[in-house]
Amino acid sequence: MHKTTLEQWSLLEHVVEAGSFAKAAELTNRSQSSVSYNLALLQERLGVALLVAEGRRAVLTPAGELLLNQVKPLLKAFAYVETRAATLKSGMRTRIDLMVDSIFPRRRLFAILREFQQRYPQTQVRLTEVLENTRADALNNEADVMVLTRRQDITGLGEWLMNVDFVAVAHRDHPLFSLPAPLNEEMLRPWPLVQIADSQQAARAAGESWTFSTIDAAIEAVMYQVGYGWLPEERIQPQLEQGVLKMLPLGHGTRRATPLHLIVKRSLAPLDEQVDTLLRLFSQEPSSPPATL
């Protein structure tokens with residue numbers, strides 16, 4: 001058996017924060033004698049003085065400060081457990097499975113998740129990122145909420161959400177920029193086309209193409225002059241602003257748009273509060289971009 005209880009340590013924390021036994025008693029709906037008894041018992045069982053009087057205030061001794069700091073994480077964890085139990089009792093959702101195409105703008109995604117976490121701290125979001133060419137049978141494992149390029153093959157209720165712009169780019173030192181503009185397909189053909197997975201959007205009938213399984217790998221390949229490619233504009237905005245990557249002066253087709261759809265699992269109807277909130281956050285127009293670190 002433990003010599004002390006979380007309740008006693010919680011009372012100690014309240015006394016320190018309030019500055020007196022009387023104020024702590026008011027905050028915890030206890031009598032002052034009950035607070036005094038529990039803290040006296042706590043110190044007796046530890047064999048260490050935790051509090052000392054300074055004028056009318058009760059302050060921690062050095063030993064009391066050290067021990068209370070070690071206990072505070074336990075108090076917070078225990079409060080979290082109790083809040084979690086209350087959430088379960090109320091029937092509120094404790095987890096949402098979210099599937100998002102990897103081309104969805106990262107800044108907007110994490111701004112949405114941050115806002116959702118602030119509103120529902122007891123609901124976990126399990127995020128899975130997928131590529132647009134992910135097999136339909138894998139997608140049909142069905143997350144609760146999905147943001148995907150393909151509307152077909154998905155057994156859910158959804159609607160168009162946004163278009164993601166892809167732009168044709170190459171490293172600023174790529175030989176393509178030494179050719180006379182505008183560039184046409186014959187001028188592009190000698191150089192490798194960097195593609196993301198099996199995207200049909202950037203496929204061409206002839207010529208060499210290099211395929212990468214992630215957007216980040218495709219971006220790095222273009223950065224290292226492996227080839228040129230159509231990349232998500234939002235993901236390469238810093239490189240474009242710095243001039244490291246440049247848009248290719250094509251005669252046509254420099255910019256391409258890929259639609260994303262917001263889909264909710266059909267079996268969730270009617271929607272619960274958390275899913276409805278997450279859908280509304282995705283549907284909102286993005287405000288000013290969040291601060292970057």
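Throughout, numbering of the chain's residues begins at 1 and tracks the sequence.
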To the nearest 0.5 angstrom, please state how far the [atom1] atom of [X] sits from the [atom2] atom of [Y].
{"X": "Glu234", "Y": "Arg107", "atom1": "CD", "atom2": "CZ", "answer": "7.0 Å"}
{"X": "Leu11", "Y": "Leu41", "atom1": "CG", "atom2": "CG", "answer": "11.0 Å"}
{"X": "Leu281", "Y": "Glu115", "atom1": "CG", "atom2": "CD", "answer": "6.0 Å"}
{"X": "Gln237", "Y": "Gln242", "atom1": "CD", "atom2": "CD", "answer": "10.5 Å"}
{"X": "Leu46", "Y": "Gln8", "atom1": "CG", "atom2": "CD", "answer": "8.5 Å"}
{"X": "Glu273", "Y": "Arg119", "atom1": "CD", "atom2": "CZ", "answer": "10.0 Å"}

Next item on the list: Could you walk me through whether Asp144 and Leu278 pass side chain to side chain contact (heavy atoms under 4.5 Å, CB included), step by step?
Entry: CA-CA 10 Å; Asp144 300 309; Leu278 188 59; over 6 Å; no
Any donor-acceptor N/O pair, [X] side chain to [Y] backbone, under 3.5 Å:
{"X": "Ser178", "Y": "Pro175", "value": "yes"}
{"X": "His261", "Y": "Ile263", "value": "no"}
{"X": "Asp276", "Y": "Asp272", "value": "no"}
{"X": "Arg108", "Y": "Phe282", "value": "yes"}
{"X": "Trp210", "Y": "Ala218", "value": "no"}

With side chains defined as the heavy atoms from C-beta onward, is the minimum distance between [X] and [Y] less than 4.5 Å?
{"X": "Leu245", "Y": "Tyr228", "result": "no"}
{"X": "Arg235", "Y": "Pro105", "result": "no"}
{"X": "Met223", "Y": "Val244", "result": "yes"}
{"X": "Asp173", "Y": "Gln225", "result": "yes"}
{"X": "Ile96", "Y": "Arg126", "result": "no"}
{"X": "Leu113", "Y": "Leu98", "result": "yes"}
{"X": "Leu279", "Y": "Leu271", "result": "yes"}
{"X": "Val147", "Y": "Asp101", "result": "no"}

Next item on the list: Decide side chain to side chain contact (heavy atoms under 4.5 Å, CB included) for Leu68 and Lys72; before the verdict, give the C-alpha distance in whole Å, the side-chain angles of both, and the deciding distance to 0.1 Å.
Entry: CA-CA 6 Å; Leu68 183 57; Lys72 280 182 178 179; 4.0 Å; yes
[X] with [Y], same ILVMFWY side-chain cluster at under 4.5 Å:
{"X": "Phe177", "Y": "Met247", "result": "yes"}
{"X": "Leu193", "Y": "Leu179", "result": "yes"}
{"X": "Tyr37", "Y": "Val16", "result": "no"}
{"X": "Ile215", "Y": "Leu127", "result": "yes"}
{"X": "Val15", "Y": "Val48", "result": "yes"}

Checklist line | Listed partners of His174 passing ring-ring contact (aromatic ring centres under 6.0 Å, His included), at least two apart | finding: Trp191
Item checked: Set of ring-ring contact (aromatic ring centres under 6.0 Å, His included) partners for Phe21, sequence neighbours left out -> none
Margin query: Under the side chain to side chain donor-acceptor pair (under 3.5 Å) definition, can you give me all pairs with a residue in residues 9-22, not counting sequence neighbours?
Written below: Thr4-Trp9
Next item on the list: Indicate, with yes or no, if the rings of Phe110 and Phe104 have centres closer together than 6.0 Å.
Entry: no
Check: Going by an N to O cut-off under 4.0 Å, is there a salt bridge joining Glu26 and Lys23?
Finding: no
Next item on the list: With salt bridge (Lys or Arg N to Asp or Glu O under 4.0 Å) as the test, would you mind laying out the steps for Lys3 and Glu44 before giving the verdict?
Entry: CA-CA 10 Å; Lys3 295 181 179 179; Glu44 178 185 335; over 6 Å; no
Shortest non-hydrogen separation from [X] to [Y] and the atoms involved:
{"X": "Arg255", "Y": "Asp165", "result": "NH1-OD2, 3.6 Å"}
{"X": "Ile196", "Y": "Pro232", "result": "CD1-CD, 4.3 Å"}
{"X": "Leu27", "Y": "Ala18", "result": "CD1-CB, 3.9 Å"}
{"X": "Leu6", "Y": "Leu75", "result": "O-CD2, 3.7 Å"}
{"X": "Gly243", "Y": "Arg172", "result": "O-CD, 3.1 Å"}
{"X": "Ala49", "Y": "Thr61", "result": "O-OG1, 2.7 Å"}

Next item on the list: Start with the C-alpha distance between Asn163 and Thr258, add both sets of side-chain angles, then the distance that settles side chain to side chain contact (heavy atoms under 4.5 Å, CB included), and finish with yes or no.
Entry: CA-CA 5 Å; Asn163 287 334; Thr258 296; over 6 Å; no
Check: Leu12 and side chain to side chain contact (heavy atoms under 4.5 Å, CB included): which partner among Leu60, Leu67, Val71, Asn38?
Finding: Leu60
Notebook entry, point to check: Can Asp97 and Lys265 be said to form a salt bridge (Lys or Arg N to Asp or Glu O under 4.0 Å), step by step?
Noted result: CA-CA 10 Å; Asp97 289 333; Lys265 183 160 55 173; over 6 Å; no
Note to self: Between Leu248 and Val169, is the side chain to side chain contact (heavy atoms under 4.5 Å, CB included) condition met? List the steps.
What the structure shows: CA-CA 5 Å; Leu248 291 171; Val169 296; 5.7 Å; no
Item checked: Under 3.5 Å side-chain donor-acceptor pair for Thr277 and Arg280 -> yes
Item checked: Intermediate values then yes/no, salt bridge (Lys or Arg N to Asp or Glu O under 4.0 Å), Arg189 and Glu208 -> CA-CA 7 Å; Arg189 197 178 301 276; Glu208 182 182 11; over 6 Å; no
